[in-house]
Engineer: 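Before we start, here is the structure in question, set down as structure tokens.
All heavy atoms count here, side chains included; hydrogens, waters and symmetry mates do not.
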Amino acid sequence: QVRLVESGGGLVQPGGSLRLSCAASGFTLVDYSIGWFRQVPGKEREGVACLSSTDGTRYYGDSVLGQFTLSTDNAQNTLYLQMNNLKPEDTAVYYCAAHPNLYGSSCLRYEYFEVWGQGTLVTVSS
């Protein structure tokens with residue numbers, strides 16, 4: 001069974017850091033295009049960072065460029081999102097997702113993904 005489980009969310013003060021994890025099971029993460037997305041109630045889901053399986057390139061949303069870093073641990077079949085200098089506007093539920101084959105920056109488009117984790121809440125507040 002294909003499954004993604006996020007962890008690492010929580011409450012952090014502005015300027016702080018968090019690292020989110022996404023553990024995959026039932027498939028090999030490195031063979032898929034994988035991404036992080038976030039959503040605030042009432043707003044459209046936003047592509048934050050992704051890794052394309054077709055070109056091996058990491059792509060980032062404009063709002064997090066230079067602030068967030070996507071990485072993988074292939075031995076652990078786990079995806080990470082390192083988030084630094086967090087701001088209140090980064091508050092959201094963060095999801096990871098996987099797709100067997102997406103080309104280039106299309107991996108930032110949430111509508112292409114079918115396999116999703118349950119989400120983890122990140123709250124940035126003093």
Side-chain angles (χ1 to χ4, degrees):
Q1 181 181 2
V2 174
R3 191 177 180 210
L4 295 169
V5 179
E6 301 98 335
S7 61
L11 174 64
V12 62
Q13 292 187 341
S17 298
L18 277 177
R19 188 178 79 157
L20 305 183
S21 300
C22 172
S25 59
F27 69 104
T28 302
L29 200 59
V30 69
D31 293 337
Y32 280 60
S33 289
I34 48 181
W36 285 101
F37 301 83
R38 65 186 182 185
Q39 190 166 25
V40 176
K43 293 191 176 181
E44 189 175 19
R45 193 163 293 191
E46 175 188 8
V48 172
C50 68
L51 174 61
S52 170
S53 61
T54 58
D55 61 10
T57 300
R58 288 168 172 78
Y59 296 91
Y60 294 92
D62 290 341
S63 62
V64 303
L65 194 61
Q67 183 188 1
F68 291 2
T69 303
L70 180 152
S71 63
T72 61
D73 183 330
N74 295 339
Q76 297 295 322
N77 212 31
T78 299
L79 175 70
Y80 298 101
L81 183 69
Q82 178 66 43
M83 307 185 295
N84 296 326
N85 190 26
L86 284 162
K87 308 166 189 175
E89 53 263 41
D90 295 317
T91 296
V93 177
Y94 285 73
Y95 301 88
C96 60
H99 189 285
N101 186 23
L102 286 177
Y103 181 78
S105 62
S106 61
C107 61
L108 281 175
R109 301 285 299 272
Y110 73 90
E111 58 265 36
Y112 293 148
F113 287 80
E114 295 184 352
V115 179
W116 291 89
Q118 83 287 353
T120 185
L121 176 63
V122 172
T123 303
V124 184
S125 175
S126 56

Engineer: By side-chain contact (heavy atoms from CB on, under 4.5 Å), which residues pair with Val93, not counting sequence neighbours?
Structural biologist: Tyr95, Leu121
Engineer: According to the disulfide bond (SG atoms under 2.5 Å apart) rule, which pairs have a member within residues 29-67, sequence neighbours left out?
Structural biologist: Cys50-Cys107
Engineer: Output every pair passing disulfide bond (SG atoms under 2.5 Å apart) with a member in residues 61-100, not counting sequence neighbours, ordered by first then second residue.
Structural biologist: Cys22-Cys96
Engineer: Grouping I, L, V, M, F, W and Y whenever their side-chain heavy atoms are under 4.5 Å apart, do Tyr94 and Leu65 come out in a common cluster?
Structural biologist: yes
Engineer: Which atom pair, heavy atoms only, marks the closest approach of Pro14 to Ser126?
Structural biologist: CD-N, 3.7 Å
Engineer: Which ring pair (Phe, Tyr, Trp, His ring centres under 6.0 Å) pairs, counting each pair once, include a residue from residues 57-78, with sequence neighbours left out?
Structural biologist: none
Engineer: Side chains of Thr91 and Val40: closer than 4.5 Å at any heavy-atom pair?
Structural biologist: no
Engineer: Would Ile34 and Val30 show up in the same hydrophobic cluster when neighbours are defined by side-chain heavy atoms closer than 4.5 Å?
Structural biologist: no
Engineer: Applying side chain to side chain contact (heavy atoms under 4.5 Å, CB included) between Leu81 and each of Leu18, Thr69, Leu20, report the one that passes.
Structural biologist: Leu20
Engineer: Same cluster for Leu102 and Leu108 if Ile/Leu/Val/Met/Phe/Trp/Tyr side chains link at under 4.5 Å?
Structural biologist: no
Engineer: Pairs in or reaching into residues 5-32: which pass salt bridge (charged side-chain N to carboxylate O under 4.0 Å, His left out), with residues at least two apart or in two chains?
Structural biologist: none
Engineer: Quick one: salt bridge (charged side-chain N to carboxylate O under 4.0 Å, His left out) pairs with a partner in residues 35-47, sequence neighbours left out?
Structural biologist: Arg38-Glu46, Arg38-Asp90
Engineer: side-chain contact (heavy atoms from CB on, under 4.5 Å) with Ser21: which residues, sequence neighbours excluded?
Structural biologist: Ser7, Thr78, Tyr80
Engineer: Which pairs with one or both residues in residues 48-64 pass salt bridge (charged side-chain N to carboxylate O under 4.0 Å, His left out), sequence neighbours excluded?
Structural biologist: none
Engineer: May I ask you to decide if Ser53's main-chain N or O and Ser33's side chain share a donor-acceptor pair within less than 3.5 Å?
Structural biologist: yes
Engineer: Just wondering, do Gln118 and Val5 contact through their side chains at under 4.5 Å, heavy atoms?
Structural biologist: yes
Engineer: Give me the atom names and distance for the closest heavy-atom approach of Asn101 to His99.
Structural biologist: N-ND1, 3.0 Å
Engineer: Contact between Leu79 and Leu4 at the side-chain level, heavy atoms closer than 4.5 Å - yes or no?
Structural biologist: no
Engineer: What residues, two or more places apart in sequence or in another chain, satisfy ring-ring contact (aromatic ring centres under 6.0 Å, His included) together with Tyr112?
Structural biologist: none
Engineer: Considering residues at least two apart in sequence or located in another chain, which fulfil the salt bridge (charged side-chain N to carboxylate O under 4.0 Å, His left out) criterion with Glu111?
Structural biologist: Arg109
Engineer: Report the residues that fulfil side-chain contact (heavy atoms from CB on, under 4.5 Å) with Asn77, sequence neighbours left out, ordered by chain and then residue number.
Structural biologist: Ala24, Thr28, Leu29
Engineer: So which pairs with a foot in residues 20-42 pass ring pair (Phe, Tyr, Trp, His ring centres under 6.0 Å), sequence neighbours left out?
Structural biologist: Phe27-Tyr32, Phe37-Phe113, Phe37-Trp116
Engineer: Does Ser52 reach the main-chain N or O of Gly104 with its side chain, forming a donor-acceptor pair under 3.5 Å?
Structural biologist: yes
